[in-house]
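Please read the structure below before turning to the comments.
Please read all numbers here as calculations on a predicted model, not as lab measurements.
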Amino acid sequence: MSISNNSFAAIAALFSLLLLSSMQCHAQLSSTFYERTCPNALTTIRTSIRQAVSRERRMAASLIRLHFHDCFVQGCDASILLDETATIVSEKTALPNLGSARGYGIIEDAKTELEKTCPGVVSCADILAVAARDASTLVGGPSWTVKLGRRDSTTASHTLAETDLPGPFDPLDRLISGFANKGLSTRDMVALSGAHSIGQAQCFLFRDRIYSNGTDIDAGFASTRRRETGRTNKMQGKSGFVWNPNP
């Protein structure tokens with residue numbers, strides 16, 4: 001998998017911005033937060049993520065996306081991990097997450113391992129933040145320092161997950177305003193979108209752009225995508241082609 005360091009550097013910088021922006025984060029975070037209470041926390045998390053990515057390389061992209069979808073709703077508080085209960089309407093069932101958000105079990109596996117040596121110490125929010133960083137490095141991207149000390153949310157917001165997460169068909173003005181509401185600039189939005197340079201995409205998400213006469217997409221790129229989607233769809237007899245930008 002060939003990955004642009006510039007794209008990953010942008011992702012790293014923007015994750016930091018997400019934590020330091022107007023999103024709800026009032027605690028004092030520190031990269032050494034678990035130094036005394038759970039000194040092997042980062043090693044334990046990295047081992048779990050390495051095992052997951054070695055089984056399925058695409059999981060790296062899924063973990064980065066899962067972290068973003070967590071942070072964009074109520075801040076980086078692991079609310080996306082909460083299941084449906086009598087008092088919680090889970091974010092997992094919100095349209096932007098339903099059937100597409102992946103990696104919940106990977107975070108749960110890491111938490112299970114941490115509980116064996118440091119019960120009740122490391123938050124799931126921190127595990128998810130570290131997992132995104134480790135996923136990046138494991139597929140060739142850079143590393144960055146993750147500040148720790150987040151607290152896990154006891155509530156979820158299905159409504160905000162439905163309304164706040166950017167959609168694949170949102171017009172530019174809506175995307176810009178949505179990111180601005182989180183304290184992020186248009187430049188930040190473009191850099192964060194670079195996370196899509198790894199992973200997979202279903203054809204219906206970009207079919208209109210590569211076949212539209214009025215699109216501003218590069219003509220050569222569009223032509224290549226049309227050939228790829230056409231050939232794969234003919235072979236599969238359906239239009240659910242999944243394109244991997246970095247096979």
I'd like to know if the side chain of [X] reaches the main chain of [Y], judged simply by a donor and an acceptor atom lying under 3.5 Å from each other, with no hydrogens or angles considered.
X: S136; Y: A132; value: no
X: R226; Y: I210; value: yes
X: D70; Y: S79; value: yes
X: S123; Y: R151; value: no
X: D134; Y: A131; value: no
X: D126; Y: R150; value: yes
X: N40; Y: T43; value: no
X: D152; Y: C124; value: yes
X: T93; Y: V89; value: no

Quick one: pull up [atom1] in [X] and [atom2] in [Y] and give me the separation to the nearest 0.5 Å.
X: E162; Y: L98; atom1: CD; atom2: CG; answer: 9.0 Å
X: R174; Y: L172; atom1: CZ; atom2: CG; answer: 13.0 Å
X: L128; Y: D77; atom1: CG; atom2: CG; answer: 10.0 Å
X: I127; Y: D109; atom1: CD1; atom2: CG; answer: 10.5 Å
X: E84; Y: H158; atom1: CD; atom2: NE2; answer: 7.0 Å
X: L184; Y: L175; atom1: CG; atom2: CG; answer: 12.5 Å

>> Can you confirm whether the side chains of S223 and R227 place a donor and an acceptor under 3.5 Å from each other?
In response: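 The criterion, which ignores hydrogens and geometry beyond distance, is satisfied for R227 and S223.
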>> Assess the residue pair M189 and S185 against the criterion (side-chain contact (heavy atoms from CB on, under 4.5 Å)); give the C-alpha distance rounded to whole Å, side-chain angles, the decisive distance to 0.1 Å, and a yes or no.
In response: CA-CA 6 Å; M189 178 191 74; S185 69; over 6 Å; no
> Under a 4.0 Å N-O cut-off, is there an ion pair linking K182 with D164?
Replying inline: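 Looking at D164 together with K182, the answer is yes, because their closest N to O distance falls below 4.0 Å.
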>> Quick test of your reading of the model: are K116 and E113 salt-bridged, counting only N-O distances below 4.0 Å?
In response: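 Looking at E113 together with K116, the answer is yes, because their closest N to O distance falls below 4.0 Å.
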Are any non-hydrogen side-chain atoms of [X] and [Y] less than 4.5 angstrom apart?
X: N97; Y: R102; result: no
X: L148; Y: V146; result: yes
X: P39; Y: Y34; result: no
X: C76; Y: H67; result: yes
X: L160; Y: E91; result: no
X: V122; Y: T44; result: no
X: C118; Y: T37; result: no
X: I107; Y: L66; result: yes

> Do other residues, nucleotides or ligands put more than 12 heavy atoms under 6.0 Å from the CD atom of E35?
Replying inline: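 Open.
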> Is there a chain of hydrophobic side chains (I, L, V, M, F, W, Y, each step under 4.5 Å between heavy atoms) that links V190 to L192?
Replying inline: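 V190 and L192: one cluster.
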>> Could you walk me through whether R133 and L63 satisfy the side-chain contact (heavy atoms from CB on, under 4.5 Å) test, starting with their C-alpha distance in whole Å, then the side-chain angles of each, then the deciding distance to 0.1 Å, before giving a yes or no?
In response: CA-CA 9 Å; R133 185 273 308 275; L63 289 170; over 6 Å; no
>> Could you work out, with side-chain contact (heavy atoms from CB on, under 4.5 Å) as the rule, every residue matching L82, not counting sequence neighbours?
In response: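 Residues passing side-chain contact (heavy atoms from CB on, under 4.5 Å) with L82: I88, A156.
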Please give me the minimum heavy-atom distance between [X] and [Y], naming the atom from each residue.
X: A41; Y: L114; answer: CA-CD2, 3.7 Å
X: Q74; Y: S157; answer: OE1-CB, 3.4 Å
X: P96; Y: A161; answer: CG-O, 3.3 Å
X: R57; Y: V139; answer: NH2-CA, 3.6 Å
X: A135; Y: I49; answer: N-CG2, 4.0 Å
X: R46; Y: L138; answer: NH2-CD2, 3.8 Å

>> Quick one, S30 with T32, criterion side-chain hydrogen bond (donor to acceptor under 3.5 Å, both in side chains). Give me CA distance, side-chain angles, the key distance, then yes/no.
In response: CA-CA 5 Å; S30 168; T32 60; 3.0 Å; yes
> Cationic tip of K92 within the cone over Y104's six-membered ring, i.e. under 6.0 Å and within 45° of the normal?
Replying inline: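 Yes, K92 lies over the aromatic ring of Y104.
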> What do the steps show when you test V121 against E115 for side-chain contact (heavy atoms from CB on, under 4.5 Å), and what is the final call?
Replying inline: CA-CA 8 Å; V121 174; E115 289 298 294; over 6 Å; no
> Would V73 and I80 satisfy side-chain contact (heavy atoms from CB on, under 4.5 Å), going step by step from the backbone distance to the final call?
Replying inline: CA-CA 8 Å; V73 179; I80 195 172; over 6 Å; no
